[in-house]
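Down below is the structure, laid out as C-alpha cells.
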2 protein chains.
Amino acid sequence: MTQPQINNWQAIQNEVLRRIHAREWPPGQVIPNEVDLAAEFGCARATMNRALRALADAGMLERRRKAGTRVALHPVSRATLDIPVIRQEIEDRGLKYSYNLIARNTATPLASLGPAQKALHVTALHCANAAPYAYEDRWINLSTLPEAANQPFTVINANEWLLMHAPFTHGDIRFSCMAVPAAHAKRLGTTPGTPVFVTQRTTWDHARTITSVRLIFAPGYSIHTTIGSPPLAD
Amino acid sequence: MTQPQINNWQAIQNEVLRRIHAREWPPGQVIPNEVDLAAEFGCARATMNRALRALADAGMLERRRKAGTRVALHPVSRATLDIPVIRQEIEDRGLKYSYNLIARNTATPLASLGPAQKALHVTALHCANAAPYAYEDRWINLSTLPEAANQPFTVINANEWLLMHAPFTHGDIRFSCMAVPAAHAKRLGTTPGTPVFVTQRTTWDHARTITSVRLIFAPGYSIHTTIGSPPLAD
DNA sequence: TGCATTATTATGTCTATACATAATAACCCC
DNA sequence: GGGGTTATTATGTATAGACATAATAATGCA
C-alpha cells in the first residue's frame, strides 16, 4: 500500500474527502491513524497531519488525542462569511457609494455598550447610486475612544474612521429582520411595515467596548455565502 | 533580538496580534519576513509560518510570495457560522423538537435545481415546544437521488435523511427576509405581512444538485455569531 | 526607450525526527 | 470486583534542512 505517492497535502485532502463522500469512510467511523495513512499515501506524517487538520477545521473530521480521527456525524455546514466595509460592498457591485450624516450627538446609550457611560450617537445613511442602501444607528464609546468626540463624521463615515483609528480585537454580530419603523421608512425609500434585514454588531478592544451599530438595510437586501468549495476534479 | 524564546505558535500568534492591535504594525504595513521573525522569536521558520498562516486564514494578514506579509488594510471581519441541523438547533436551546410533514409530491421544480427534471417536493413544519419554528419548502433532485422517492418523510425529516444518505460536496446559502405570505402565516403562528427571516440553501454532490430548500422562520428568529475571539491575556 | 530574459526573494510546502500531551486501556493491589 | 496507578497510543507541535513557486527587481539586448 505504498503505491499512490500523493505527496502534497491538498491532493491528500481531496482523496480523503472523496472517501468520505463515497462512503468508504461513513459518518462516525474512525479512520486509520496518521502514521498508517502517511504510509499508504507515501508521504510524511506532517503532510498527513496538515491534510487532516484542515479537514477538521472545516468541520468534516473530528479529532481527539488517543481516540483518533473520525468522520463527523453531522458534517456541520460551516460557512465563513466576510463582513465587508459598506463602501466596499457597494463598490464591489459596481455602484457609486455615497454617505450622508443624519445626526450626531453625545448621550448615554441604552444597553448595548455595557454600563451606562458617555457615548457618541451617530446616525447616517449609506447610499448606492444615490438610492438608500442602509440606515446606520451607531453608538461609539467615548471612554474608550475620547478622540472620536472631535470627529465630525460628515465626510468620513464612522465605520471607516473606526477601522483606521480603533481596530477591534473581537466582535459579535446578529442578523435578523423587522418591520421598518415609520421613522426610517421614508429614508430607506419604502413604506412603514416593510420587512427589512437588520444586522446588529458590537466590537471590543480587549475588555472595552468600542462601538455598537445597527444597520437597517433597504428592502431586497440579502447575504450570500457558500459551504465548502466545488471539487476540482469531477 | 534572540531574547524572548516564544516557541509555540499560539504564543507567537498572540504577540503578532498584539503588535497589530497596538499599531506597532499598522494596517497596510509590510511586516518582517518569516526568517527574520523566527530569529527574533527564537523559533523555527515552520513555527513562524504556522502562526502567520493562521492569521492570514483569519483575514488579519495578507501574504503573497516574494511581496511579503502585510497587515490587512480592512481587517476583514471574517465570521464563521455553523449551520446546524434544525433539530439540533432547537434542542441546543433546551426545547423539544417536533416535526410535521405537510405535503409530499412529485413535480417539476421551477429553477432552483437547474434544468427541468423530476423532483420530489416536500413541505413541512419544524416546531420547538410544539410552537412553529420554521416552515420548510424543499425540492429533492430525483435523478441524483432516486431512492428518495421511496421515503415517506413522515417521521424522519428530509434534512436528516439527506444528511445520512446523500452527503454534499458543497453548497450555497442566502439569508434574506420577506413578508410572510398569507398561505404560510397561520402555520407560523402569525399574520400575513409579518417580517420573517428566510434562508435559501442549495447543495451539490460534485456537479449534480441534491436539494434546494427554503426555510421560513417564525418571527423573532435571528442568527448570532462572533468575529475573532476575546484575547486570553488582558 | 521598450521589451524580453534572467536573477533574486519571500512564501509555500515536504521530509524526518523528536518530544509533549491527552485520553484510553491495562494493570495491580487491596 | 472496585478503585487508583501506570502503560500505551494517536494526535499536537517543534525543529532543521531542502526544494518549489510566484512575483518582483535587475539586467541585457534590439
Side-chain angles (χ1 to χ4, degrees), chain A residues 1-17 19-20 25 27-73 229 232-233, chain B residues 1-17 19-20 25 27-73 76 229 232:
Chain A
M1 292 276 179
T2 324
Q3 309 283 14
Q5 277 292 355
I6 315 174
N7 63 348
N8 60 344
W9 72 269
Q10 304 202 47
I12 290 172
Q13 194 191 39
N14 285 339
E15 170 59 15
V16 172
L17 268 179
R19 293 185 187 185
I20 293 172
W25 291 341
Q29 183 160 112
V30 174
I31 72 175
N33 68 46
E34 287 185 348
V35 177
D36 293 349
L37 284 174
E40 183 191 344
F41 289 122
C43 70
R45 183 166 85 90
T47 307
M48 202 64 227
N49 182 285
R50 181 93 155 80
L52 295 182
R53 186 158 41 79
L55 287 171
D57 287 346
M60 295 299 302
L61 297 175
E62 287 169 7
R63 319 193 75 195
R64 267 180 29 243
R65 278 168 158 149
K66 163 78 179 176
T69 302
R70 65 175 58 226
V71 180
L73 266 176
S229 53
L232 301 171
Chain B
M1 291 277 182
T2 322
Q3 311 283 14
Q5 276 291 357
I6 315 175
N7 62 348
N8 61 344
W9 73 270
Q10 304 201 44
I12 290 171
Q13 194 191 37
N14 284 340
E15 170 60 14
V16 171
L17 267 179
R19 292 187 187 183
I20 293 172
W25 290 341
Q29 184 162 111
V30 174
I31 72 175
N33 69 47
E34 287 185 349
V35 177
D36 293 349
L37 284 174
E40 183 192 343
F41 288 121
C43 69
R45 183 167 85 90
T47 308
M48 202 64 226
N49 182 287
R50 181 94 154 81
L52 295 182
R53 186 159 40 78
L55 287 172
D57 287 345
M60 294 300 301
L61 297 175
E62 287 169 6
R63 320 194 73 195
R64 269 179 28 243
R65 279 168 159 153
K66 163 76 180 180
T69 302
R70 66 176 58 225
V71 180
L73 264 176
V76 179
S229 53
L232 301 171

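Below, chains carry the letters A, B, ... as their sequence lines are ordered, and counting in each starts from 1.
Taking atom CG on Leu52(B) and atom P on dA10(C), their separation rounds to 14 Å, with Å as the unit. Across the protein-nucleic acid pair, Glu62(A) atom CD and dA22(C) atom P stand 19 Å apart, rounded to whole Å. The separation between Arg53(B) atom CZ and dG12(C) atom P is 8 Å, rounded to whole Å. Nucleotide dT11(D) holds its C1' atom 13 Å from the CG atom of Leu61(A), rounded to whole Å. In this entry the distance linking CG of Asn8(B) with P of dT15(D) reads 9 Å, nearest Å. If you take CZ of Phe41(B) and P of dT15(D), they are 13 Å apart, rounded to a whole angstrom. Between Met48(A) atom CE and dA10(D) atom C1' there is a gap of 13 Å when expressed in whole angstrom units. Here dT13(C) presents its P atom at 19 Å from NZ of Lys66(B), a figure rounded to the nearest Å.
Here the nucleotide nearest the side chain of Asn33(B), chosen from dT11(C), dT15(C), dT8(C), is dT11(C). Looking at the side chain of Arg45(B), the nearest of the listed nucleotides dA14(D), dA18(C), dA18(D) is dA18(D). The side chain of Arg50(B) lies closest to dT13(D) when the candidates are dT9(D), dA10(C), dT13(D). Nearest to the side chain of Thr47(A), among dT21(D), dT15(C), dG12(D), sits dT15(C).
Within 4.0 Å (heavy atoms only), Asn49(B) reaches at least one base atom of the nucleic acid. Here Ala46(A) lies in heavy-atom contact (under 4.0 Å) with a base. Contacts of Gln10(B) with the nucleic acid, taken as non-hydrogen atoms under 4.0 Å apart, involve only primed sugar atoms and P, OP1 or OP2. Counting any heavy atom pair closer than 4.0 Å across all strands shown, Arg64(B) reaches sugar-phosphate atoms only and no base atom.
Arg63(B) has a side-chain polar atom (N or O) that falls below the 4.0 Å cut-off from OP1 or OP2 of dG12(C).
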Under 3.5 Å donor-acceptor pairs involving side-chain atoms of residues 64-72 of chain A, not counting sequence neighbours:
{"unit_1": "Thr69(A)", "atom_1": "OG1", "unit_2": "Arg63(A)", "atom_2": "NE", "d": "3.0"}
{"unit_1": "Thr69(A)", "atom_1": "OG1", "unit_2": "Arg63(A)", "atom_2": "NH2", "d": "3.2"}
{"unit_1": "Arg70(A)", "atom_1": "NH1", "unit_2": "Gly28(A)", "atom_2": "O", "d": "2.8"}

Output a table of donor-acceptor pairs, distance under 3.5 Å, between side-chain atoms of residues 46-55 of chain B and any protein atom two or more places apart or on a different chain; print 'none' if there are none.
{"unit_1": "Asn49(B)", "atom_1": "OD1", "unit_2": "Arg53(B)", "atom_2": "NE", "d": "3.3"}
{"unit_1": "Asn49(B)", "atom_1": "ND2", "unit_2": "Glu34(B)", "atom_2": "OE2", "d": "2.8"}

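If Ala67(B) and Val35(A) are placed on DNA chain D by their nearest nucleotide, the residue sitting closer to the 5' end is Val35(A).
The distance from the CD atom of Gln10(B) to the CG atom of Leu17(B) is 11.5 Å, given to the nearest 0.5 Å.
Nearest heavy-atom pair across Arg45(A) and Val35(A) is CD-CG2, 3.8 Å.
Side-chain contact between Leu37(A) and Glu40(A) is present, with heavy atoms from C-beta onward closer than 4.5 Å.
For a distance-only test at 3.5 Å, the side chain of Arg65(B) fails to qualify as a donor-acceptor partner of the base of dT13(C).
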